[in-house]
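Start at 1 and go down the list; that is how both ligands and their atoms are numbered.
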Amino acid sequence: MASSAAKHVDARNETQDKSPGLKRPRADDGNRGDDGKETENILSGFKTSNVLSDSAREKIIFIHGKIAEQDAVVVLEKTPFREENLEELFSGSKLRLEMTNDIYSTYRLQAPPHLNEIKTTVVFPATEKHVKKYQKQESFLVEETGEYYKSITLPYIQLQSFSLQWVYNILEGKAEAERVIYEDPDPVVGFVLLPDLKWDQKQVDDLYLIAIVHQRGIRSLRDLKSEHLPLLQNISKKGKEAVLERYNLPASKLRVYLHYQPSYYHLHIHFTKLGYEAPGCGVERAHLLSDVIQNLQCDPRYYQTRTLYFPVRADDGLLGKFKEAEKI
Ligand code: M7G
């Protein structure tokens with residue numbers, strides 16, 4: 001049991017003066033450190049409207065509700081066990097017997113509150129599009145030629161995309177500044193590497209980072225041309241070096257990829273630990289960065305001309321547009 005417990009990451013202790021790139025100063029901008037500052041409980045008045053989706057196996061629930069009459073989405077997720085907490089968990093908990101039979105028994109272990117935390121993500125105020133994003137839905141695979149991208153997808157995403165404000169806040173050092181793991185400030189090939197919203201940074205087993213490019217205007221895979229090769233190669237090389245230095249994880253343990261379609265149309269690259277089934281790492285959505293680089297080396301216009309396949313949820317307006325055009 002202990003051997004399968006997740007390995008601990010003390011990310012904060014390792015931030016100081018070790019990263020190879022320029023680091024922003026720790027900003028006192030209201031962001032939390034790894035242990036988190038105690039903050040006002042904005043969820044105390046949360047009124048649940050409905051459960052958007054949940055998974056007993058993954059121990060996660062997505063809830064739609066209201067905070068002060070405005071829509072909000074709350075994600076609650078039980079966190080993995082950490083090996084270094086086991087001793088305290090065994091010695092400091094209450095045990096309630098549920099049943100016993102021969103050599104078998106089951107209990108409810110009531111852990112001290114600090115060992116029983118729930119990772120909580122709040123989107124507030126949430127748009128209708130956020131609510132839909134988290135709602136369990138049937139999906140359909142779309143076949144998008146280069147032409148359909150221009151005539152159907154591009155006009156749709158120009159009108160219907162999520163705000164990129166959170167991305168610009170990161171790039172400008174206005175949010176999450178103290179979480180940045182590595183930054184190359186170059187305006188053409190530079191990027192910021194930091195923990196993804198989904199990762200609590202407590203263990204490397206579910207490592208999830210994102211590299212956000214400084215260049216603006218590259219929406220997605222579809223916009224990539226051979227002129228972007230230096231940018232992509234820079235992210236691949238320096239991103240992997242930063243992960244090795246910070247988390248002691250070699251490139252052979254990383255899955256580095258882009259989503260198509262992404263939710264946010266400002267180019268970013270996902271870094272997840274191999275073996276961790278990160279949401280969206282399946283073949284229908286994830287494109288390995290190494291493959292993208294090779295495809296562009298073979299054909300500078302690969303991503304303008306090739307048919308790309310991606311899943312679209314039943315209630316996604318983009319699916320409606322493909323249906324209207326009778327392309328699905
Ligand atoms: P995507 O492929 O555009 O969309 O990836 P997806 O959410 O459908 O995968 C965007 C990535 O950025 C996701 O992995 C998000 O979890 C992550 N992300 C989203 N937001 C709003 C934030 C944020 O505010 N901070 C950080 N650090 N990551 C975010």
Identify the closest protein heavy atom to [atom]: which residue and atom is it, and at what distance?
atom                    : answer
atom 10 (C) of ligand 1 : His268 NE2, 3.4 Å
atom 25 (N) of ligand 1 : Glu176 OE2, 2.6 Å
atom 8 (O) of ligand 1  : Ser263 OG, 2.6 Å
atom 2 (O) of ligand 1  : His259 ND1, 2.5 Å
atom 7 (O) of ligand 1  : Lys133 NZ, 2.8 Å

Worksheet entry | Option whose closest heavy atom lies nearest to atom 29 (C) of ligand 1, chosen from Tyr208, Tyr257, Trp166 |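 Residue with the shortest heavy-atom distance to the ligand atom: Trp166.
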Worksheet item: Can you tell which of Val192, Asp196, Leu197, Ile269 gets a heavy atom nearest to atom 17 (C) of ligand 1?
Response: Asp196
Practice prompt. Rounded to the nearest 0.5 Å, what's the gap from NE2 on His214 to CG on Leu231? Could you check?
Written response: 10.5 Å
Item to complete: Please round to the nearest 0.5 Å and tell me the distance separating atom OH of Tyr302 and atom CG of Leu308.
Response: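 Tyr302 OH to Leu308 CG: 7.5 Å, rounded to 0.5 Å.
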Practice prompt. Before giving the answer on salt bridge (Lys or Arg N to Asp or Glu O under 4.0 Å), spell out for Lys174 and Glu172 the whole-Å C-alpha distance, their side-chain angles and the decisive distance to 0.1 Å.
Written response: CA-CA 5 Å; Lys174 293 179 184 162; Glu172 290 164 16; 2.8 Å; yes
Worksheet item: Can you check whether Gln261 has an N/O within less than 3.5 Å of an N/O in ligand 1?
Response: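 The answer is no, given that Gln261 and ligand 1 share no N or O pair closer than 3.5 Å.
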Worksheet item: So is Ile170 polar-close to ligand 1, meaning N/O to N/O under 3.5 Å?
Response: no
For [X], counting its heavy atoms only, list the atoms of ligand 1 lying under 4.0 Å from any of them.
X      : value
Arg179 : 27 (N)
Pro195 : 27 (N)
Ile210 : 12 (O), 28 (N)
Pro262 : 2 (O), 3 (O)
Lys198 : 13 (C), 14 (O), 15 (C), 16 (O)

Using a cut-off of 6.0 Å, state whether more than 12 heavy atoms not belonging to [X] lie near its atom [atom1].
X      : atom1 : result
Glu38  : CD    : no
Lys253 : NZ    : no
Gln165 : CD    : yes

Item to complete: Examine the proximity of ligand 1 to Arg285 and report which part, side chain or backbone, both or neither, has a heavy atom under 4.0 Å away.
Response: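 For Arg285, only side-chain atoms sit under 4.0 Å from ligand 1.
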Discussion item. In terms of relative ring orientation, are His266 and Tyr168 parallel, tilted or perpendicular, with 30° and 60° separating the classes?
Written reply: perpendicular
Worksheet item: Hey, what's the ring geometry for Tyr134 with Phe62, parallel, tilted or perpendicular (30° and 60° as the breaks)?
Response: parallel
Worksheet item: Quick one: salt bridge (charged side-chain N to carboxylate O under 4.0 Å, His left out) pairs with a partner in residues 120-140, sequence neighbours left out?
Response: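 Qualifying pairs, neighbours excluded: Glu128-Lys132.
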Fill in: NZ/NE/NH1/NH2 to OD/OE distance under 4.0 Å, Glu241 and Lys238
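Not counted as a salt bridge, because no side-chain N and carboxylate O are separated by less than 4.0 Å.
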